[in-house]
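Basis for what follows: all heavy atoms, side chains included, without hydrogens, waters or symmetry-related copies. Predicted model, so just to flag it, every value in this text is computed and none were measured. Note that the numbering runs from 1 along the sequence shown for the chain. Counting starts at 1 for both ligands and their atoms, following the listed order.
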Amino acid sequence: MSATDVLRKVPLFSDLSEADLTGFAAVTREREYPKNSVILFEDDPGDSLYIVSSGQVKVVLIGEDGREVILSVLGDGDFFGEMALIDDEPRSAHVIAMRDSQLLVLRRDDFQMQVTGHPKIALKTAQGAGAAAAAGGREDRRPGAARRQRPRGAPAHGPRR
Ligand code: CMP
């Protein structure tokens, strides 16, 4: 399936014309991640947004006892990585492939350039980041702020459709 075909099915891009979809598709890159591979590491710098073309990924934090806490499981048409893209902070969680997964990757500069003139996409992306932050996906990094407890298993984005 071409990048345009994938994007056409993604709720985030549902309001785009064919020409605009083609514009976004032109600046995406396809990446394949085998099952169990780490796509993003918490605290790494991040400058890309990821869209799941196919497969399944999980957003996780590692608790102080070393146990994995799953914040969200994402599948076809879902996106992640928007928080670092928007606020320029390090990645708020690990993202790991639960199955062999194909992703589309959009770099910040390209995303920002394409999103100009599409306020709905900017808004939906920001809403995703806001929901993730509210569910504990972004710790408060201000000096003196305590690390916030994250609700176990609380999905931040819910169905993004
Ligand atoms: P970012 O911080 O760039 O990288 C990790 C991503 O995981 C983050 O963007 C969100 O897309 C996603 N994420 C973080 N916290 C949550 C959460 N609580 N629920 C769902 N997704 C999250």
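- Every atom of ligand 1 is numbered from 1 in the order shown, and the set under 4.0 Å from a heavy atom of Ala132 is 15 (N), 16 (C), 18 (N), 22 (C).
- Residue Ala93 approaches ligand 1 through these ligand atoms, each under 4.0 Å from one of its heavy atoms: 5 (C).
- Less than 4.0 angstrom separates some heavy atom of Ala84 from each of these atoms of ligand 1: 1 (P), 2 (O), 3 (O).
- Between Gly46 and ligand 1 there is no heavy-atom distance shorter than 4.0 Å.
- Atom 6 (C) of ligand 1 has its nearest heavy-atom neighbour, among Ser72, Pro45, Pro90, Gly81, in Gly81.
- Summarising the geometry of Val38 relative to Ile96, their closest heavy-atom pair is CG2-CG1, 4.2 Å, with the distance given to 0.1 Å.
- Taking CG of Asp20 as the reference point, atom CZ of Phe13 lies at 11.0 Å (rounded to 0.5 Å).
- Between Lys124 and Asp15 there is a salt bridge, since a side-chain N of the basic residue sits under 4.0 Å from a carboxylate O of the acidic one.
- With a 4.0 Å heavy-atom cut-off, ligand 1 is reached by the side chain of Leu40 but not by its N, CA, C or O.
- Heavy-atom proximity to Phe80, at under 4.0 Å, picks out these atoms of ligand 1: 11 (O).
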Does the pair Gln102 and Glu30 meet the rule for a side chain to side chain contact (heavy atoms under 4.5 Å, CB included), with working shown?
CA-CA 7 Å; Gln102 272 201 324; Glu30 278 187 45; 3.7 Å; yes
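- Contact annotation for Glu82 and ligand 1: heavy atoms of both the backbone and the side chain come within less than 4.0 Å of the ligand.
- Here the closest heavy-atom approach between residue Val73 and residue Met98 is recorded as CG1-SD, 3.7 Å.
- Note on ring orientation: taking the six-membered ring where Trp is involved, the planes of Phe80 and Tyr50 are parallel (angle under 30°, cut-offs 30° and 60°).
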